[in-house]
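Notes to accompany the following structure.
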Amino acid sequence: MHIFRISELSRHIGQEVTVRGWLYNKRSSGKLRFLLVRDGSGIVQTVTFQGDVSEAVFEASDRVTQESSISVTGKVAEDKRSPGGVELQVRDIQIHQIAPEYPISPKEHGSAFLMDHRHLWLRSSKQHAILKIRHEIIRASRDFFDSQGFVLVDAPIFTPAACEGTTTLFETDYFGEKAFLTQSGQLYMEAAAMAVGRAYCFGPTFRAEKSKTRRHLTEFWMIEPEAAFMDLEGDMELAENYVAHIVHRVLDERKEELKVLERDTAPLEAVQTPFPRISYDEAVRILHEKGLPFEYGNDFGAPDETAISENYDRPVMVHRYPAAIKAFYMKKDPADPTKALCVDMLAPEGVGEIIGGGQREDDYDTLLASIDKHGLPVSAFEWYLDLRKYGSVPHAGFGLGIERTVGWICGTPHVRECIPFPRMMHRLTP
RNA sequence: UCCGGAGUAGCUCAAUGGUAGAGCGGGUGGCUGUUAACCACUAGGCUGGGGGUUCGAGUCCCUCCUCCGGAGCCA
């Protein structure tokens, strides 16, 4: 018996093969039964003619229900009438298990219902395509940083205190002590960069904010590179090369999936380096020119980000925000100490921020004063201050949100579909 | 936490204050090439919970619950 995956069938025309999978859909006409079988690699139509098979096999073709698990044996044939152009002319059907009425029908459903059945929803073709593109983005990310001499250094999930002291964190009991789920691996990557020169981490991060928007999850994945002897300019160059790399990789390797998602690839093809770089002040000018009621000194809201990115056909990098609205570890611009040497990358098509980063404060006394000014407990940051005590160097890095990036590239407006099992304010199951 | 919206069949949705409905899905039957097949028949309901107004409430009022979208926060 020759067992093949459905994606390989076009190379075995005329041969008798067995495919193993699940019933995707079923149609019939008189003495013909059309079973659409999916196996994770693709979907193939199988044809059973009553006159060609035993009574038991024909009966099996009637009895299988949506998502029942089956093995089908038959001859591979080219046929224009079959979706995909290839079909399997059935000789034998083996039923592994008959599924009772499947909750997800081929018609439309609401997002809450689908999320309640996320474990089954993953079997549908669009969700499938998103998972594969997510995988490709992660693979391309690793390839990119590995090839640039970055060392993968895993950051801890349990942390003793707030990394940045701004957002609300999930608190857990750690043998009678308070511990928090990490909101960023950055501080640890700074330590790693001082050890290996260039480091990155990729892992889950947690925010206990009660956000209910298409851009937010309570648990999301970030990739965070950090490099010693790097300034803001170098950081922006790294960020644009990285983002361009993953977009090109998906365009090259995941054409089929983008097609399944009906993604217009023209905006993705426009993503070429260099990306435009504008200062916060210039971005504010754009908003005011467009007549948006934006107050200088504030951070940009979602409509502001959209208005700024509308001016460009590729991601735009906005740098040098007011230091007052940024985290304590940001280095101030020597040319204007009211500004921070930071950068946000805004993706086009109304997606908004996918990257936040910048150059870190590398002077011991300045950092100490900043920790104090932000009302953070110095004791919790003693190890972090050590990095400025023992061989401090200029260094920079950034964090990229994987789900937002997947959403942008897939053209999926809501990040909840960009992670296998999303965790949101009102969603802890499945 | 704030501002909007929605809860009716397994799902997606209809229903002037006057007998609870359709499509899909399920079941049964029909059709020798179906394409989210089609045709016929069929089962399926405490209209989110509680209270009120009314001769009469899915519909109007109060309240609670759940969810959705957005804001803030950020990736």
Side-chain angles (χ1 to χ4, degrees), chain A residues 24-36 43 45-52 58 61-62 65-67 77 79-85 87 89 99-117 121 124-125 163-169 182-186 202-224 239 243 298-305 325-327 344-347 351-357 398-408 413-416 418-419 424-427:
Chain A
Y24 190 70
N25 200 359
K26 180 168 71 171
R27 297 185 280 265
S28 70
S29 176
K31 296 179 167 55
L32 285 166
R33 297 292 179 270
F34 300 94
L35 308 185
L36 279 93
I43 296 176
Q45 171 169 290
T46 74
V47 193
T48 313
F49 176 55
Q50 193 169 22
D52 289 349
F58 194 70
S61 73
D62 262 339
T65 53
Q66 189 184 359
E67 289 303 320
D79 196 310
K80 283 191 185 129
R81 293 169 296 186
S82 174
E87 66 182 20
Q89 294 167 343
E101 188 181 342
Y102 191 64
I104 302 176
S105 65
K107 282 277 179 171
E108 68 227 57
H109 298 281
S111 64
F113 174 80
L114 289 168
M115 273 302 167
D116 285 339
H117 297 85
W121 189 22
S124 69
S125 54
C163 281
E164 303 180 17
T166 49
T167 55
T168 318
L169 303 185
T182 184
Q183 64 166 323
S184 165
Q186 181 206 313
F202 176 57
T205 48
F206 308 86
R207 308 273 165 96
E209 294 292 336
K210 293 184 175 175
S211 310
K212 289 194 291 182
T213 79
R214 75 167 83 88
R215 306 181 302 285
H216 289 90
L217 297 167
T218 54
E219 177 183 300
F220 66 97
W221 287 65
M222 265 209 296
I223 189 148
E224 297 177 279
V243 169
N298 285 349
D299 208 343
F300 301 125
D304 304 320
E305 290 183 353
I325 55 169
K326 287 291 176 181
D344 281 2
M345 187 188 288
L346 310 180
V351 170
E353 185 177 351
I354 57 170
I355 279 180
F398 62 81
L400 172 135
I402 290 290
E403 289 77 17
R404 286 187 183 178
T405 305
V406 172
W408 165 45
H414 206 303
V415 290
R416 68 185 160 205
C418 299
I419 185 168
M424 296 177 288
M425 195 178 152
H426 292 296
R427 167 95 31 211

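What you see is a predicted model, and the numbers here were worked out from it, not measured in a lab. Only heavy atoms go into these numbers, but all of them, side chains included; no hydrogens, no water, no symmetry mates. A, B, ... follow the sequence lines: proteins, then strands. Residue 1 opens every chain.
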Looking at [X], I'd like to know whether one of its side-chain N or O atoms comes within less than 4.0 Å of OP1 or OP2 on [N].
X	N	answer
A/Arg215	B/rG69	no
A/Lys212	B/rG70	no
A/His216	B/rA71	no

Rounding to an integer number of Å, can you tell me how far [X] [atom1] sits from [N] [atom2]?
X	N	atom1	atom2	value
A/Met425	B/rU66	CE	C1'	12 Å
A/Ile354	B/rA75	CD1	C1'	9 Å
A/Phe206	B/rA75	CZ	P	16 Å
A/Phe58	B/rU32	CZ	C1'	10 Å
A/Phe300	B/rA75	CZ	C1'	17 Å
A/Leu346	B/rA75	CG	P	12 Å
A/Arg27	B/rG30	CZ	C1'	19 Å
A/Leu114	B/rU12	CG	C1'	11 Å

For [X], answer base if it contacts any base atom (sugar-phosphate contacts may also be present), sugar-phosphate if it contacts only those atoms, and nothing otherwise; contact means non-hydrogen atoms under 4.0 Å.
X	value
A/Gln89	nothing
A/Gly301	sugar-phosphate
A/Ile104	nothing
A/Leu32	base
A/Asp344	nothing
A/His414	sugar-phosphate
A/Arg416	sugar-phosphate
A/Ser82	base

Distance (rounded to the nearest 0.5 Å) between [X] [atom1] and [Y] [atom2]:
X	Y	atom1	atom2	answer
A/Ser82	A/Gln89	OG	CD	10.0 Å
A/Thr405	A/Ile355	OG1	CD1	7.0 Å
A/Ile104	A/Glu67	CD1	CD	8.5 Å
A/Arg215	A/His414	CZ	NE2	10.0 Å
A/Ile354	A/Glu305	CD1	CD	11.0 Å
A/Leu35	A/Tyr24	CG	OH	15.0 Å

Position toward the 5' end of RNA chain B (nearest nucleotide), A/Pro83 or A/Tyr102 = A/Tyr102
Mapping A/Met222 and A/Arg33 to their closest nucleotides on RNA chain B, which lands nearer the 5' end?
-> A/Arg33
Integer angstrom distance from the [atom1] of [N] to that of [M]:
N	M	atom1	value
B/rU19	B/rG29	C1'	31 Å
B/rU8	B/rC68	P	15 Å
B/rG30	B/rG17	P	47 Å
B/rA15	B/rG70	P	26 Å
B/rA20	B/rA57	P	11 Å
B/rG18	B/rU59	P	11 Å
B/rC62	B/rA6	P	14 Å
B/rU28	B/rU12	C1'	25 Å

Which nucleotide wins on minimum distance to the side chain of [X], given the candidates [options]?
X	options	answer
A/Phe220	B/rA75, B/rU32, B/rA71	B/rA75
A/Arg207	B/rA71, B/rC68, B/rA75	B/rA75
A/Glu87	B/rG70, B/rA75, B/rG33	B/rG33
A/Arg214	B/rG70, B/rA75, B/rG72	B/rG70
A/Ser111	B/rC68, B/rU34, B/rC73	B/rC68

Under a 4.5 Å cut-off applied to non-hydrogen side-chain atoms, are [X] and [Y] in contact?
X	Y	answer
A/Gln45	A/Arg27	yes
A/Val243	A/Trp408	yes
A/Asn25	A/Ile43	no
A/Arg33	A/Lys26	no
A/Thr205	A/Phe220	yes

Ignoring hydrogens and angles, are the base of [N] and the side chain of [X] linked by a donor-acceptor pair under 3.5 Å?
X	N	answer
A/Arg427	B/rC67	no
A/Gln45	B/rU34	yes
A/Gln66	B/rG26	no

With centres under 5.5 Å and planes under 30°, do A/Phe34 and B/rG33 count as stacked?
-> no
Starting at the 5' end of RNA chain B, what dot-bracket string do you get if Watson-Crick and G-U pairs under 3.5 Å are bracketed, crossing pairs use [ ], other-strand pairs use | and unpaired bases use dots?
-> (((((((..((((....[..)))).(((((.......))))).....(((((..]....))))))))))))....
If the plane angle is over 60° it's perpendicular, under 30° parallel, otherwise tilted; pick one for A/Phe113 and A/His117.
-> tilted
Please tabulate, one pair per line, each protein N/O and nucleotide N/O from nucleotides 8-11 of chain B that are separated by under 3.5 Å, including the distance.
from: B/rC11; atom 1: O2'; to: A/Glu108; atom 2: O; distance (Å): 3.3
from: B/rC11; atom 1: O2'; to: A/His109; atom 2: ND1; distance (Å): 2.5

Just checking, any donor-acceptor pair under 3.5 angstrom between side chains of A/Glu209 and A/Thr168?
-> yes
